[in-house]
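Reviewing the structure listed below.
Start at 1 with the first residue, then count along the sequence.
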Amino acid sequence: MSVLIAIPARYASTRYPGKPLVTLRDPDGTEKSLIRRSWEAAMAVRGVDRVVVATDDERIRAAAEGFGAEVVMTSQACRNGTERCAEVTALLPGHEIVVNLQGDAPLTPPWFIEDLVAGLRDDPSADVATPVLRCDGRALNGFLADRRAGRVGGTTVVFGVTRHALYFSKEVIPYTGRTHADDEWTPVFHHVGVYAYRPSTLSVYPQWPVGPLEELEGLEQLRFLENGRRVLCVEVEARGRQFWELNNPEDVARIEAMLAEMQAG
């Protein structure tokens, strides 16, 4: 039974047009596009049978094929990455699990996805699985600073005793009410924007209308919760690695600093 990683990438991002082709610089001056770094992250995952870039834009297609990626062209009608992955599933059937590694997450460690796939296989009651990372004070304080500045710094999640998600939000949840030291663990979990789907669930996702919570938060995974599907939260370990998604132009410098820190280590 095989695993497919699809990397959805669109040029017309609302917050950051052209984001997949933005270049990130290594300390030695090497520049690589965001989509290339995300593809390289996917290629480092063990136990994966196929990796494709899913896009509707010829500029992204040309760039991806230029560095050796397989590209699947999808419809411009896709409203989010999950719908784009659903199209890929229809075009490339026969996989046990389809992973959505979003094209703005080049710092995703391979073990996040490996643990995610294992978690979905181990929980037959779950329809979708997604990784969560317990925030230390440094990460939480960064989220809170972003929200005070009016920026979306990351998504947080709360879940129940079965580890199935209760809610995802761009606000910081749950409310903590106090300041945490940078090296202190907190009760807040950062939702890492990666998903593993069972194809049977993924195939019906585009048929559901966008619900009020998904519309308010702008979070595609809420459509699963609004339609009664179980989303398993798989806690992963950072192992000293920093993680951040590229959501805003200001994040370029932040991610480049994290790349430098990783290479120095």
Can you tell me how far [atom2] of [Y] sits from [atom1] of [X], rounded to the nearest 0.5 angstrom?
| X | Y | atom1 | atom2 | value |
| --- | --- | --- | --- | --- |
| N141 | T179 | CG | OG1 | 6.5 Å |
| M258 | L24 | CE | CG | 12.0 Å |
| F159 | F168 | CZ | CZ | 10.0 Å |
| T89 | H95 | OG1 | NE2 | 8.0 Å |
| D123 | T162 | CG | OG1 | 7.5 Å |
| L232 | H164 | CG | NE2 | 5.0 Å |

Taking side chain as C-beta onward, heavy atoms only, is [X] less than 4.5 Å from [Y]?
| X | Y | value |
| --- | --- | --- |
| I60 | L21 | yes |
| N100 | P8 | yes |
| V172 | R147 | yes |
| T155 | Q221 | yes |

Looking at [X] and [Y], what are the two nearest heavy atoms and their distance?
| X | Y | value |
| --- | --- | --- |
| V234 | A129 | CG2-CB, 4.3 Å |
| A6 | C85 | CB-SG, 3.9 Å |
| A9 | I35 | CB-CD1, 3.7 Å |
| V88 | V72 | CG2-CG1, 4.2 Å |
| A41 | P106 | CB-O, 3.8 Å |
| P199 | V98 | CG-CG2, 4.2 Å |

According to the salt bridge (Lys or Arg N to Asp or Glu O under 4.0 Å) rule, which pairs have a member within [range], sequence neighbours left out?
| range | answer |
| --- | --- |
| residues 157-169 | R163-E235 |
| residues 191-220 | E214-R223 |
| residues 200-210 | none |

Examine [X] and [Y] and state if one hydrophobic cluster contains both, with Ile, Leu, Val, Met, Phe, Trp and Tyr joined whenever side-chain heavy atoms are less than 4.5 Å apart.
| X | Y | answer |
| --- | --- | --- |
| V194 | V53 | yes |
| L4 | V71 | no |
| L225 | V210 | no |
| W208 | Y167 | yes |
| I5 | V236 | yes |

Using atom types as modelled and distance alone, determine if a side-chain donor or acceptor of [X] lies under 3.5 Å from a backbone N or O of [Y].
| X | Y | value |
| --- | --- | --- |
| T130 | C233 | no |
| D26 | L259 | no |
| E87 | C78 | no |
| Q102 | G193 | yes |

Can you sort out the partners of E226 under salt bridge (charged side-chain N to carboxylate O under 4.0 Å, His left out), two or more places apart, ordered by chain and number?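 Not a single residue meets the salt bridge (charged side-chain N to carboxylate O under 4.0 Å, His left out) criterion with E226.
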
By salt bridge (charged side-chain N to carboxylate O under 4.0 Å, His left out) - contacts of D146 (at least two apart):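 By the salt bridge (charged side-chain N to carboxylate O under 4.0 Å, His left out) rule, D146 matches R151, R254.
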
Could you check whether Y205 and N80, counting side-chain N and O atoms only, form a donor-acceptor pair closer than 3.5 Å?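 Yes, because at least one side-chain N or O of N80 sits under 3.5 Å from a partner of the opposite role on Y205.
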
Regarding S125 and R230, is there a side-chain donor-to-acceptor distance under 3.5 Å anywhere?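 Side chains of S125 and R230: no pair found under 3.5 Å.
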
By side-chain contact (heavy atoms from CB on, under 4.5 Å) - contacts of [X] (at least two apart):
| X | answer |
| --- | --- |
| Q76 | D56 |
| A181 | D183, E184 |
| A86 | L202, P206 |
| R148 | L144, A145 |

According to the ring-ring contact (aromatic ring centres under 6.0 Å, His included) rule, which pairs have a member within residues 44-77, sequence neighbours left out?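 Counting only pairs at least two positions apart or across chains, the ring-ring contact (aromatic ring centres under 6.0 Å, His included) contacts touching residues 44-77 are W39-F67.
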
V99/V48 under side chain to side chain contact (heavy atoms under 4.5 Å, CB included): CA gap, chis, key distance, verdict: CA-CA 9 Å; V99 175; V48 172; over 6 Å; no

Could you walk me through whether R229 and V204 pass the side chain to side chain contact (heavy atoms under 4.5 Å, CB included) test, one step at a time? CA-CA 11 Å; R229 300 304 175 105; V204 298; 4.1 Å; yes

Residues 58-70 vs side-chain hydrogen bond (donor to acceptor under 3.5 Å, both in side chains), sequence neighbours excluded, gives R50-E70, D57-R59, R61-E65

Y197 vs F224 aromatic rings, parallel, tilted or perpendicular, using cut-offs 30° and 60°?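 Because their plane-to-plane angle lies in the 30° to 60° range, the rings of Y197 and F224 count as tilted.
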
Matching residue for H191 among V157, T156, V158 - test: side-chain contact (heavy atoms from CB on, under 4.5 Å):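 The residue from V157, T156, V158 that satisfies side-chain contact (heavy atoms from CB on, under 4.5 Å) with H191 turns out to be V157.
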
Show every donor-acceptor pair shorter than 3.5 Å between a side-chain atom in residues 133-140 and any protein atom, with sequence neighbours excluded, or say none if there are none.
{"residue": "R134", "atom": "NH1", "partner": "T186", "partner atom": "O", "Å": "2.9"}
{"residue": "D136", "atom": "OD1", "partner": "R138", "partner atom": "N", "Å": "3.3"}
{"residue": "D136", "atom": "OD1", "partner": "A139", "partner atom": "N", "Å": "2.9"}

